[in-house]
J.: 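One structure follows; several queries about it will come next.
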Amino acid sequence: MNKRYFHRVKKGSYSLHPVFFGSTTLQELIEEISFDNQGYSSIFALIDSGVPAEKVTAFLGNEFPASNRYVVEGGESVKSLASIAEIWDFLMVVGADRHSLLVNIGGGAVCDAGGFAASVFKRGIHFMHVPTTLLSMADASVGGKTAINWSSTKNMIGTFALPAVVSIQSHFLESLDRRQLLSGYAEMIKHGLIADDSHYEEVLKSYVNGEIPSECLLENTVNIKAKITERDPKENGERKLLNFGHTLGHGLESLLGAKEDKGVLHGEAIAAGMIGEAYLSMEYGFSQEELEKLITTLKPLVSHAYFSEDQIPSILESIKQDKKNEGNRIGMTLLKGVGEGLWTEKLSIQKVEEGLRFIVKVLSNQTK
Ligand code: GLY
């Protein structure tokens with residue numbers, strides 16, 4: 001990497017996988033991660049159609065062959081076996097081998113799907129994530145989880161597979177619409193709630209102003225996730241903290257669908273899930289005052305996650321399939337307070353239902 005860039009591109013010091021912060025190019029990153037010190041035999045790019053073409057070209061370089069690019073629609077539709085099969089077909093046709101690299105450029109769904117496709121193609125090839133949405137920068141691209149959905153349940157099939165490198169470049173956020181940007185804040189707010197009260201306050205300030213988060217804030221949020229993940233990469237314990245808001249949130253997503261322009265976005269469903277799970281956390285020490293603050297803060301996000309009481313049974317059916325469950329107990333991460341998560345809780349289905357009913361109550365108060 002050109003020395004000049006060391007001032008702009010900062011490498012996070014994580015043992016799991018490198019994360020580079022700042023504007024950079026594919027060429028510069030490749031120099032950092034050459035395969036077996038010999039370089040890659042070929043490089044292919046999986047590109048989210050929502051990312052402006054000029055930004056993709058500026059990153060890949062003018063010389064990057066059009067035939068090595070595969071463009072997919074972002075959003076949950078790419079997280080299906082049919083889409084993965086198309087990606088595998090593409091890799092077969094272009095002659096990818098075990099020394100090839102797949103570069104995933106896009107939102108969380110493209111990172112999840114591209115990571116999954118690469119992690120099992122020819123028993124696993126290297127992949128790089130270049131997240132372009134706030135959600136994928138703050139969460140999906142970091143930590144080595146890959147997944148597709150199955151039978152309308154989120155992230156049912158997947159692997160733990162580490163990217164060769166993650167490149168976080170906040171200029172991609174300039175082209176994000178406001179709803180997408182705000183939705184991405186949900187995962188940053190989550191990081192504050194489970195692990196760091198001062199990060200929570202900093203994130204809220206930036207979110208309330210509707211700003212693109214500063215590089216420093218992004219770095220702090222990735223830091224929280226990366227540190228938890230490197231201590232527990234396979235989610236045997238502490239990593240479960242990162243699921244706060246996701247038990248109820250994934251249930252909602254399964255019902256409402258997570259599409260780019262309609263339905264509910266991932267961060268919006270997670271915001272609603274965080275309200276329900278924070279409510280259930282009151283038995284463990286989370287205060288009424290903090291719950292009210294969270295509800296007020298997340299109001300613009302949860303209004304997109306509307307559902308009614310009579311939809312609760314089908315949400316519960318989906319939640320019963322959650323990977324974190326044991327028998328008929330539902331695994332859920334709760335909070336003792338702001339900055340202090342609890343990852344071991346196993347709740348009855350009645351308790352989970354209470355959490356969903358609370359979200360309905362919050363949503364109906366908002367629409368009055
Ligand atoms: N998104 C939660 C995790 O990566 O563990």
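These numbers come from the heavy atoms of this one structure, side chains and all, not from hydrogens, waters or symmetry mates. Counting begins at 1 with the first residue of the sequence. In listed order, ligands and their atoms are each counted from 1.
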J.: Sorted by first residue and then second, give each ring-ring contact (aromatic ring centres under 6.0 Å, His included) pair with at least one member in residues 221-244; sequence neighbours left out.
T.: none

J.: Any chain of hydrophobic side-chain contacts (each under 4.5 Å) joining Ile125 to Val130?
T.: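 No, Ile125 does not connect to Val130 through the hydrophobic network.
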
J.: Have Glu230 and Ser15 got a donor and an acceptor in their side chains that come within less than 3.5 Å?
T.: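 The criterion, which ignores hydrogens and geometry beyond distance, is satisfied for Ser15 and Glu230.
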
J.: Answer yes if Phe21 and Ile30 sit in the same cluster of Ile, Leu, Val, Met, Phe, Trp and Tyr residues linked by side chain heavy atoms under 4.5 Å apart, and no otherwise.
T.: yes

J.: Which protein N or O atoms sit under 3.5 Å from any N or O of ligand 1? Give each pair with its distance.
T.:
| residue | atom | partner | partner atom | Å |
| --- | --- | --- | --- | --- |
| ligand 1 | 1 (N) | Asp139 | OD1 | 3.1 |
| ligand 1 | 1 (N) | Asp139 | OD2 | 3.1 |
| ligand 1 | 4 (O) | Lys225 | NZ | 2.6 |
| ligand 1 | 4 (O) | Arg239 | NH2 | 2.8 |
| ligand 1 | 5 (O) | Lys145 | NZ | 2.9 |
| ligand 1 | 5 (O) | Arg239 | NE | 2.7 |
| ligand 1 | 5 (O) | Arg239 | NH2 | 3.3 |

J.: Kindly assign one of parallel, tilted or perpendicular to the pair Phe116 and Trp88, based on the angle between their ring planes and the thresholds 30° and 60°.
T.: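 Correct class here is tilted.
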
J.: How are the rings of His246 and His250 set to each other: parallel, tilted or perpendicular (split at 30° and 60°)?
T.: perpendicular

